[in-house]
Amino acid sequence: MQDIPRTFPGHPALDEHGRDSLRRILTAYARHNPSVGYCQAMNYFAGLLLLLMPEENAFWTFVGIIDDYFDGYYTEEMIESQVDQLVFEELMHEIFPRLVSHLEFMGVQVAWVSGPWFLSIFINMLPWESVLRIWDVLLFEGNRVMLFRTAFALMELYGPALLTTKDAGDAVTLLQSLAGSTFDSSQLVLTACVGFLAITEARLVELRDKHRVSVLEAMEERSRQGKVWKDSKSLATKLYSFKHDKGRDGRSSEGDNSLSGSASTFDDFLCGLSSDAELDCLPDLQDQVELCRLLEEKRSAILRAEELETALMEMVKQDNRRELSAKIEKLEQEMYGLRRTLAEKKEQEAAMLEVLMRVEQEQKITEEARVIAEKEAAAQRREFDSLREKYDKAMGLIAQMEKRVVMAESMLEATAQYQSGQTKAQFVEPPG
Amino acid sequence: MAPVSALAKYKLVFLGDQSVGKTSIITRFMYDKFDTTYQATIGIDFLSKTMYLEDRTVRLQLWDTAGQERFRSLIPSYIRDSSVAVIVYDVASRQSFLNTSKWIEEVRTERGSDVIIVLVGNKTDLVDKRQVSIEEGESKAREMNVMFIETSAKAGFNIKPLFRKIAAALPGMETLSSAKQEDMVDVNLKSSNTNASQAQAQSGGCAC
């Protein structure tokens, strides 16, 4: 359903979890009552109820509202919605004749505004507080009277302003925006309940019966011109008209007339019957019973077919589920594989890191060694230098010594020469 | 007072399946903004906007309708006095495209040929999900003798051109809304026949 995320978007209670609840309620209801299925606006009702109560309670409240208070409203043909609009229009003529004639002069149909009001039960049309106050009364009374009373109250409140408009568009826009800012919910409810006490369920029922005929006739006309989209629907209309007319003998002839358009085998029989009915207005009771039986049978057959269709759809969905679960399994396997590779990668990374650390440590050690070696080298150089100095000094000393040796030698030589000289002299002297 | 009442007013009704983007197109046109989620339209919604064109000013009344099929039993009365029907489909939904035939048929039954129909393929931003090509849209429009344009309300693509195109086609039409109070309507209207609007439709893209 595309409307799930389109229900009060952004509301904190309708997060993913809340939306699942909403989906379940609407799906369950569509199964519960296939003749209504899903109709836009129902998403808002279910959403509202979910804000107020747990899922299951919300579902049963929802069922009560749609099946009981709004029976025939949200069905494929929306017959009762159309009927209510006609009733509302008639009452508008009666209660606000001046306003209606002004609106008609501008070409505004009251239903353009009141239609959405009724269909949405004022959700999104009025401020929340006002909506809740109206729902409160509506649920308490257990019928649609409050819809009418509220709509009349709005007309009473904003009618004077509407009378000043001069254009259809302006009128509708004004009424929409005024309704949207009806913040004084007490005034609204008071005006509705006290001001329009004369609008009672009995009165509405009477007016609805009167207008329903024309709605069904119009629908019949449309289907006869081939403008109804699905053929099966016209049958539903007829069944509906039958169901609603069977309690009232006086109207049975009209009901039968609308039945005559059907195309199935027993419809020939019905045709005959309805022409009979035209003759003496009250068809034979037995015929009517037979007719009733046949129609009930047809209806149950249709319902069964719908149920079968639902079941089939369910099976298809389950099939899909199997396929999906297989897919999920495959994906999970893939994920497992990926996870394993990831773990391996991580391990490798860790090993790498370790190696790197070791290398780094070694590097540090080497660095230290280098520093020490450098220091040693420096010390050695210093030692070398001092040694060299010593060597130089020693060399100097040696040179000096050598000089001295030379000197000593020369002195020795001199001494030796002197001595030899003296010896020679001695040799000479004695004889002399 | 006089200049206001002299405004030519035209009623545009937006039709098409659920979630094709009718409300989004209108909101983009009216307020130049976009939200990913709009509340579903119940029954009908109404907005109006004044458009200032080169040679004149027109007031457009935009009727946004609910897409769900069962609301159709309520819709004919909205179509009845509209001068333009904008029929929207989602280029990422073939079904919504197929259903436009029914919508067009519905409008023709209600209004005959006395109405401008524009076929709009919305959500062109969904490039990967596209199911209906622009050629298919064009050929259907030609076949049905209606105008055609593709838009993306999300990206703001072709929205203004859509309305300009509609406005350009308007002069040939009778001014619809309750002629009784339409005391002063600019009468120098060039009659643009269907072929002309067709040619405009074919030219496609942005004309502004």
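Nothing here was measured: the structure is a model prediction, and the numbers come from that model. Order of the sequence lines fixes the chain letters, A, B, ..., with proteins taken first and strands second; residue numbering starts at 1 for each chain.
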> So which atom in N43(A) and which in A40(B) form the shortest heavy-atom distance, rounded to 0.1 Å?
ND2-CB, 4.4 Å
> Which distance, rounded to the nearest 0.5 Å, do you find between the CE of M42(A) and the CD1 of I42(B)?
10.5 Å
> On a heavy-atom basis, which atom in Q40(A) and which in A66(B) lie closest, and how many Å separate them?
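Reported closest heavy-atom pair: OE1-CB, 3.9 Å.
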> Take E77(A) and R70(B) through the test side chain to side chain contact (heavy atoms under 4.5 Å, CB included) and record every step on the way to the result.
CA-CA 6 Å; E77(A) 286 82 5; R70(B) 64 185 69 183; over 6 Å; no
> For atom NZ of K49(B), decide whether the heavy atoms of other residues, nucleotides or ligands shown that lie under 6.0 angstrom number more than 12.
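Enclosed: over 12 neighbouring heavy atoms sit under 6.0 Å from NZ of K49(B).
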> Begin with the C-alpha distance, continue with both residues' side-chain angles, and end with the deciding distance and a verdict on side chain to side chain contact (heavy atoms under 4.5 Å, CB included) for D3(A) and Q18(B).
CA-CA 9 Å; D3(A) 286 342; Q18(B) 281 178 70; 3.7 Å; yes
> May I ask you to decide if Y38(A)'s main-chain N or O and Q68(B)'s side chain share a donor-acceptor pair within less than 3.5 Å?
yes
> Determine, for R59(B) against D170(A), whether the closest basic-nitrogen to carboxylate-oxygen distance falls under 4.0 angstrom.
yes
> Using heavy-atom distances under 4.5 Å, tell me whether F8(A) contacts chain B through its side chain, its backbone, both, or neither.
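It is both, since atoms from each part get that close.
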> Rounded to the nearest 0.5 Å, what separates atom CD in Q109(A) from atom CG in D81(B)?
7.5 Å
> How close do M78(A) and F71(B) get, counting heavy atoms only, and between which atoms?
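Here M78(A) and F71(B) meet closest at CE-CE2, 3.8 Å.
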> Which answer fits D45(B), side chain, backbone, both or neither, if we ask what part of it has an atom under 4.5 Å from a heavy atom of chain A?
both
> If I compare all heavy atoms of T173(A) with all of S48(B), which pair ends up nearest, and what's the gap?
OG1-OG, 4.3 Å
> Is there a donor-acceptor pair under 3.5 Å between the side chain of Q39(B) and the backbone N or O of T7(A)?
no
> Begin from the C-alpha positions of D167(A) and K9(B) and carry the test side chain to side chain contact (heavy atoms under 4.5 Å, CB included) through to its verdict.
CA-CA 10 Å; D167(A) 161 66; K9(B) 297 177 194 110; 3.1 Å; yes
